[in-house]
Amino acid sequence: QVQLVESGGGLVQAGGSLSLSCADSTRAFNDACMGWFRQAPGKEREFVAGISRSSETYYSDSVKGRFTISRDNAKKTVSLQMNSLKPEDTAVYYCGRTRRTAFFAPKEYLSNPESYVTWGQGTQVTVSS
């Protein structure tokens, strides 16, 4: 059973914007942190952004100031608004849900892929130069 479903990927020119969304079909959403990771061909999966249950947000240095993560607990969705996209942002983007966590969580926890127990199927983002 697919629990996390991403949408919103696509092809965009450098400097453009895309918005990704991830819908959770389970009640675990409100008890967990959510995060976005990405994986480019030949590279390891890397942290992009994370949001705690208290809606505190964290970003990788490479996307800080350009990407914004948000969550809607009523709709059980997490979104990633990506602006000023660069060719190096090209990757498959995955959303993930952690196990049940405390209301507050540090960046070290959210940026660690091993903190996540459920992943979406991924959505391709391609930025042309």
Side-chain angles (χ1 to χ4, degrees):
Q1 180 184 358
V2 178
Q3 298 183 359
L4 299 177
V5 178
E6 299 106 334
S7 61
L11 173 64
V12 65
Q13 287 189 331
S17 299
L18 279 176
S19 181
L20 305 183
S21 184
C22 174
D24 192 336
S25 62
T26 74
R27 292 184 292 180
F29 181 89
N30 288 331
D31 292 329
C33 301
M34 300 295 294
W36 287 95
F37 286 70
R38 66 188 181 188
Q39 188 166 17
K43 295 187 176 182
E44 294 186 353
R45 188 171 297 192
E46 65 170 356
F47 171 73
V48 175
I51 186 165
S52 69
R53 290 178 59 199
S54 64
S55 292
E56 190 161 12
T57 58
Y58 303 99
Y59 301 91
S60 68
D61 289 342
S62 62
V63 308
K64 194 176 298 183
R66 299 188 297 123
F67 291 11
T68 302
I69 187 172
S70 60
R71 67 187 294 164
D72 185 328
N73 291 336
K75 295 182 179 178
K76 296 189 293 182
T77 60
V78 59
S79 300
L80 185 69
Q81 177 64 41
M82 305 184 293
N83 298 328
S84 303
L85 282 160
K86 304 175 180 179
E88 50 264 44
D89 294 318
T90 296
V92 177
Y93 283 69
Y94 299 89
C95 76
R97 172 175 18 93
T98 67
R99 57 186 58 85
R100 182 188 177 103
T101 64
F103 199 61
F104 301 100
K107 182 178 182 179
E108 292 72 22
Y109 179 79
L110 283 160
S111 62
N112 184 353
E114 295 186 1
S115 300
Y116 295 79
V117 295
T118 304
W119 295 94
Q121 79 287 357
T123 185
Q124 177 70 46
V125 171
T126 303
V127 184
S128 63
S129 56

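Values below: all heavy atoms of this structure, side chains included; hydrogens, waters and symmetry mates excluded.
- Under the 3.5 Å distance criterion, the side-chain polar atoms of Thr90 are matched with a main-chain donor or acceptor of Val127.
- Residues that satisfy the salt bridge (charged side-chain N to carboxylate O under 4.0 Å, His left out) test with Arg38, not counting sequence neighbours, are Glu46, Asp89.
- Aromatic pair Phe67/Trp36: ring centres not closer than 6.0 Å.
- Among residues two or more places apart in sequence or in another chain, the side-chain hydrogen bond (donor to acceptor under 3.5 Å, both in side chains) test is passed with Ser60 by Ser62.
- Not counting sequence neighbours, Ser84 has no partner by the side-chain hydrogen bond (donor to acceptor under 3.5 Å, both in side chains) test.
- The distance from the NZ atom of Lys86 to the OG atom of Ser129 is 14.0 Å, given to the nearest 0.5 Å.
- For Ser25, the side chain to side chain contact (heavy atoms under 4.5 Å, CB included) criterion is met by Gln1, Gln3, not counting sequence neighbours.
- Across Thr101 and Arg53, no two heavy atoms sit closer than the pair O-NH1, 2.8 Å.
- Here Arg97 contributes atom CZ and Asp24 contributes atom CG; the two are 4.0 Å apart, rounded to the nearest 0.5 Å.
- Remark: Arg71 pairs with Asn73 by the side-chain hydrogen bond (donor to acceptor under 3.5 Å, both in side chains) rule, at least two apart or across chains.
- Smallest separation of non-hydrogen atoms from Ser52 and Ala105: CB-N, 4.2 Å.
- Identified under the disulfide (SG to SG under 2.5 Å) test for residues 92-129, with sequence neighbours left out: Cys22-Cys95.
- To the nearest 0.5 Å, the span separating CG on Leu80 from OG1 on Thr123 amounts to 11.0 Å.
- Between Asn112 and Phe47 there is no side-chain heavy-atom pair separated by less than 4.5 Å.
- Of all heavy-atom pairs between Ser115 and Tyr109, the closest is OG-O, 2.7 Å.
- Counting only heavy atoms from C-beta outward, the side chains of Met82 and Leu20 approach each other to under 4.5 Å.
- Not a single salt bridge (charged side-chain N to carboxylate O under 4.0 Å, His left out) links Glu88 to another residue, sequence neighbours left out.
- Atom CD in Gln124 sits 12.0 Å away from atom CD in Glu6 (nearest 0.5 Å).
- For Phe37 and Tyr116, the gap between ring centers is short of 6.0 Å.
- Placement of Met34 and Tyr94 in two distinct hydrophobic clusters is found when ILVMFWY residues are connected by side-chain heavy-atom separations under 4.5 Å, directly or transitively.
- Gln81 and Ser79 share no side-chain donor-acceptor pair at under 3.5 Å.
- Between atom OG1 of residue Thr118 and atom CZ of residue Phe29 there is a gap of 12.5 Å, rounded to the nearest 0.5 Å.
- Smallest separation of non-hydrogen atoms from Val48 and Val63: O-CG2, 3.5 Å.
- The minimum heavy-atom distance between Ser17 and Asn83, with the atom names listed, is OG-OD1, 2.9 Å.
- Take Lys64 and apply the salt bridge (charged side-chain N to carboxylate O under 4.0 Å, His left out) test, not counting sequence neighbours, and it matches Asp61.
- The distance from atom CG of Leu110 to atom CD1 of Ile51, rounded to the nearest 0.5 Å, is 9.0 Å.
- In this structure, Tyr58 has no ring pair (Phe, Tyr, Trp, His ring centres under 6.0 Å) partners at least two apart in sequence or on a different chain.
- Arg100 is linked by a salt bridge (charged side-chain N to carboxylate O under 4.0 Å, His left out) to Asp31, counting only residues two or more places apart in sequence or in another chain.
- For Asn30, there are no side-chain hydrogen bond (donor to acceptor under 3.5 Å, both in side chains) partners, not counting sequence neighbours.
- Summarising the geometry of Gly9 relative to Val125, their closest heavy-atom pair is CA-CG2, 4.2 Å, with the distance given to 0.1 Å.
- For Tyr93, there are no ring pair (Phe, Tyr, Trp, His ring centres under 6.0 Å) partners at least two apart in sequence or on another chain.
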